2 protein chains.
Amino acid sequence: MTRRTRGTSAGLDRARIAAAAVALVDRDGLDRFGVRRLADELGVDPMSIYHHLKGKAALLDAISEAVIAEMEAGAEEAPHDWEQVARQTAHNYRQVAYRHPRVFPLLATRPQNSPVALAALEHLVAAMRQAGLPDRVAADAPMALFGFLNGYLLAVLSGGPGGPAIDATAYPTMAALAPLQADFGSAAEFDRLLDAVLSGIRDQAARQATH
Amino acid sequence: MTRRTRGTSAGLDRARIAAAAVALVDRDGLDRFGVRRLADELGVDPMSIYHHLKGKAALLDAISEAVIAEMEAGAEEAPHDWEQVARQTAHNYRQVAYRHPRVFPLLATRPQNSPVALAALEHLVAAMRQAGLPDRVAADAPMALFGFLNGYLLAVLSGGPGGPAIDATAYPTMAALAPLQADFGSAAEFDRLLDAVLSGIRDQAARQATH
DNA sequence: CAGTGAAATCTACGCCGTAGGTTTAAGAAG
DNA sequence: CTTCTTAAACCTACGGCGTAGATTTCACTG
């Protein structure tokens, strides 16, 4: 199990590397992730990776893309109600996030240009348009929805249950409401907040339809 | 301008270090930020910094805290309408984000436990409660609002105008709506999306009040 | 004027990303 | 069957990083 010989194939390719990278980040976290550790995991020289992905940034893109691609599996086909589409997409996204909590900051931080991501957006926006929502609203909705999803999931996944219990005398209202945050990160909380965002979008549609 | 002598004070303290760090990230970006570069900037040995902030993580916390603290300046006093409070807070937050676009990922990524951040939340939640909103809604609102703010601003600030114009044949609806995204990142867009989120919260309040 | 403690520097270690060069094996051309 | 080409992998080396630990110096305090 020492070293590989020089000219022999190690069976590396983008997909295999990305999969190993995702597993590594899942296990050790983003901070500890690096080209050398990944190479170790693959039983390969660090520089070999550079023949398939040039640079660490490309590696991070590949990780993000691979994780996003997992959404495809759970994608139901052709429900025409735009709210159903939005809810479905949101839940798929949340599930992926919970499956890879330590990868998620990458998703929220880096622009998503992969086909899978764009297809999801296209699907959502198409459903909204077909439902007769104003173009302005359909155009805005993805930013509103994924803005919320990214920010919320970031907070839930990175924050854990939260820091050191809030100071009741300095922040009385927050302290009083603390018990209500017992379900922090739960599916129920997610559904409530998602409902709020979606009804906000519905509202905009109603308001802009009258003019 | 060579080296300092060993025992003499360099006038370092948390605040001075944090200020220099913010300036450095503003200038060079998060990737290029590091203890050694910061020390150079301060005309000081790298290890000197460790007497005031132990470790790079603490340094990043200090940066985040210092930037958040800028919100205080713009905080208007005691408007009692919760929506005004929410809007005011959101706009202050946005302005800070635009003033320090390269720092912002830190704000969105790290838990905010600083007094300034907690005070802003307390202020908002108190206004909602005083307006008679259900506790459930008041407790949920910060997550909904700041989730959206973090995710949206992250996308706007990191993404720039966006990648390489979308493929019109693969994603026809997105392409059709592209012209409407001309104001990407504008104050107008921000106001529209913020309106949506706030009316979503209002909606939840109405729905839960009737029970 | 000795003693103490804090603030700063110095040294050194192990790790990182990656540029550039070298080796090998496999497939194409003759 | 030989030679050429090429791609995949490895090796070496460099500069930079975060930080543990030891050391120096100054400002106070008694």
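The model shown is predicted, which means the values in this text are computed figures rather than measured ones. Order of the sequence lines fixes the chain letters, A, B, ..., with proteins taken first and strands second; residue numbering starts at 1 for each chain.
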Which of dT18(C), dA7(C), dC10(C) is nearest the side chain of Met47(A)? It is dT18(C)

Those residues at least two apart in sequence (or on a different chain) that pass side chain to side chain contact (heavy atoms under 4.5 Å, CB included) with Arg36(B) are Pro46(B)

Whole-Å distance, Leu53(B) CG to dG18(D) C1', equals 14 Å

Here the distance between atom C1' of dA8(C) and atom NZ of Lys54(B), to the nearest Å, is 19 Å

With sequence neighbours left out, the residues meeting salt bridge (charged side-chain N to carboxylate O under 4.0 Å, His left out) with Arg99(B) are Glu70(B)

When rounded to whole Å, the CG to P distance for the pair Asp31(A) and dT19(D) reads 11 Å

Residues at least two apart in sequence or cross-chain that pass ring pair (Phe, Tyr, Trp, His ring centres under 6.0 Å) with His51(A), listed by chain then number, are none

Sort me out a list of protein N/O and nucleotides 15-17 of chain D N/O pairs below 3.5 Å, or just none if empty.
unit_1: dC17(D); atom_1: OP1; unit_2: Arg37(B); atom_2: NH1; d: 3.1

Original post:
Between Leu124(A) and Leu145(A), is any pair of side-chain heavy atoms under 4.5 Å apart?
Top reply: yes

So salt bridge (Lys or Arg N to Asp or Glu O under 4.0 Å) across residues 170-182 of chain B, not counting sequence neighbours, yields none

Hits for salt bridge (charged side-chain N to carboxylate O under 4.0 Å, His left out) against Arg129(B), two or more places apart or cross-chain, chain-then-number order -> Asp135(B)

With sequence neighbours left out, the residues meeting salt bridge (charged side-chain N to carboxylate O under 4.0 Å, His left out) with Glu41(B) are Arg27(B)

Here the distance between atom P of dC11(D) and atom NE2 of His51(A), to the nearest Å, is 13 Å

Atom CG of Asp45(B) and atom P of dT25(D) are separated, to the nearest Å, by 15 Å

The nucleotide from dT18(C), dA8(C), dT19(D) with an atom nearest the side chain of Leu12(B) is dA8(C)

Sorted by chain and number, sequence neighbours left out, ring pair (Phe, Tyr, Trp, His ring centres under 6.0 Å) with Tyr93(B) holds for Phe104(B), Phe146(B)

Asp13(A) CG to dA7(D) P, in whole Å, measures 17 Å

Ile49(A) atom CD1 is separated from dA19(C) atom P, nearest whole Å, by 14 Å

Testing dC10(C), dA7(C), dT18(C) for proximity to the side chain of Tyr50(A), the answer is dT18(C)

Expected list for residues 100-108 of chain B near DNA chain D, using heavy atoms below 4.0 Å, is none

Inset, instruction - Look at the side-chain N and O atoms of His52(A) and state whether any lies under 4.0 Å from the OP1 or OP2 oxygen of dA7(D). - result: no

If the plane angle is over 60° it's perpendicular, under 30° parallel, otherwise tilted; pick one for Phe190(A) and His91(A). perpendicular

Rounded to whole Å, CG of Asp40(B) lies from P of dG18(D) at a distance of 12 Å

